[in-house]
Structure formats: C-alpha cells, structure tokens
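The structure appears right after this line, and notes come after that.
Sequence positions, counted from 1, serve as the residue numbers for this chain. The structure presented is a predicted model; accordingly, all values stated were derived computationally and were not measured.
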Amino acid sequence: MPGGRLTNEDRQQIAAGLAEGLGYAEIGRRLGRPASTIMREVTRNGGPDDYGADRAHEATRHRARRRKQARPPASPVSDSGHGRDPQAVQDFTESFIALLVQQGLPRMEARVLACLYVTDSGALTAADLVQRLHVSPASISHAIAFLEQQGMLRRERVPGARRERYVIDDEIWVRSMLASMQMNDALVAASQRGAEVLGAATPAGARFGSSAELLSLVSAAFRQVVEQWQGRNVRRSVHPPDA
C-alpha cells in the first residue's frame, strides 16, 4: 500500500472526511493515498454510512492476527520411500522453487513444476496438485495452462478415467528450448526486417542487424544442443546402461 499501512490517525481522518461528505479522491489526496485505497478501506469496514475509525482499526488488527495464525502453504513433497530424508527433500524443493522464480517463472507455476519434478512418477492430476500445494483448483488451472504453453509439461488421460493428469519427463527442457527457439526465430526475422526497413547503414538499422546476427547464433546453438541430446537418447534406448 503506497505510504505504508493505514494508521488509526489515518482512519480518523477518513471518518472525518466522510462526515464532511468528501469523496474518496479528495480524502485520498489529503492523506496522500490513492482513491482506490480509501474506497477499499471504507467498503470493507461498513461502507460510507457506517464507517467507524476505531472499529475499522480493530477489525484490521484482527484480520492481521488471523493471517499470522493461518497455516502457511505446504511445500510440495516428493513420493515417500527410497530412504530419503523428508526435511532434506523439502529444503531442496524450496530452493529449487526459489531458483525457478529467480529465472523468471511465476511463483505458482514454479511450485507446480517443482511438485511434479520431485515426484517419482512425474505425473499428477489437478486434484493431486490441489491437495499437495493447498491452493485452489483455479490456481492450478492457470499454472498448468502457462506451463503447457511453455512446453514444460503435457497432458494425458488417466487410464480408465475421464480425468487428465499432467506429466513431465526427461524432455521437459528440450520442449522448453524448442518453445524458446520459436520465439527467438521470430525475433531474428523481426530484426532482419528492421534492418531492411531502417537501412543497414544507419545506426538504428545496424543495431537491428547486429541483433539478428546474435540471435541467429543463439538459435543455431540451441538446435545443435537439442540434436546432440536427442542422438544421445537414441543411443541409450538401443544400448541401455544396464544391458
């Protein structure tokens, strides 16, 4: 909230402003707050006709205490067994989530991906994810849609049921790289076009031309890495390690 949390003095001024018949915008201007902040404060505490500063302040403190006492979101856990240390698994999972967030993945999507990643089967239904992460089905649905768009998981039908489950496998980063390559190729084409339109000999055109060269090298490197990985997987399938 801009300017920090509302104080009891702020709420007294809000109540006085309402008594004067001032609008939310004018009250917010006097307090140095957005009108939307004033509107939310008044709406959640009885409305303009029943707003009381002391009552609103106490209600806010009560809500804050309830939030502190609420159980924090559960960390995704891996399958039991295999002699794993549960605390070590949880610590690793949290650090992996933090890394994914640092890399630019939204936190909810990072939690869903990590939950799937540390599960031996690599496959969970929406109900499984809701139960493990203690979030709403809508949150899971939005995260799944994002991850699927990025090529980081796929859907498959649960055998003998109408439900779907979401799956990751050894190709997760390959699919992610392929999705990145598509976006990168689009940037190459746009940069090349920019150089043509602006003129390769001009500073702006040269800038686009240089970008196109760099992005082309990135795409070529990505393709080479993907081909090497796929070739290695073919060799593994023909000659398994324990064969």
Examine the side chains of Arg207 and Ser191 and answer whether a donor and an acceptor come within less than 3.5 Å of each other. no

Only pairs at least two apart or in different chains count here, so list each side chain to side chain donor-acceptor pair (under 3.5 Å) that has a residue in residues 137-148. Ser136-Ser139, Glu148-Arg155

Applying side chain to side chain donor-acceptor pair (under 3.5 Å), which residue pairs with at least one partner in residues 98-109 are found, sequence neighbours left out? none

Is the backbone N or O of [Y] less than 3.5 Å from a side-chain atom of [X], with the two atoms forming a donor-acceptor pair by type?
{"X": "Thr43", "Y": "Arg40", "value": "no"}
{"X": "Thr202", "Y": "Leu198", "value": "yes"}
{"X": "Thr119", "Y": "Gly122", "value": "no"}

Could you give me the CA-CA distance, side-chain angles and deciding distance for Asp10 and Arg30, then say whether salt bridge (charged side-chain N to carboxylate O under 4.0 Å, His left out) is met? CA-CA 10 Å; Asp10 292 333; Arg30 293 186 179 186; over 6 Å; no

For Thr125, which residues count as a side-chain hydrogen bond (donor to acceptor under 3.5 Å, both in side chains) partner, sequence neighbours excluded? Asp128

Residues 219-228 side chain polar contacts: donor-acceptor under 3.5 Å, at least two apart:
{"residue": "Ser219", "atom": "OG", "partner": "Asn184", "partner atom": "ND2", "Å": "2.6"}
{"residue": "Ser219", "atom": "OG", "partner": "Asp185", "partner atom": "OD1", "Å": "2.8"}
{"residue": "Ser219", "atom": "OG", "partner": "Leu215", "partner atom": "O", "Å": "3.4"}
{"residue": "Arg223", "atom": "NH2", "partner": "Asp185", "partner atom": "OD1", "Å": "3.4"}
{"residue": "Arg223", "atom": "NH2", "partner": "Asp185", "partner atom": "OD2", "Å": "2.5"}

Results of ring-ring contact (aromatic ring centres under 6.0 Å, His included) for Tyr117 - residues two or more places apart only: Phe96

Other ILVMFWY residues reachable from Val197 by side-chain steps of under 4.5 Å: none

Answer yes or no: is there an ion pair linking Glu58 with Arg55, defined by an N-O contact shorter than 4.0 Å? no

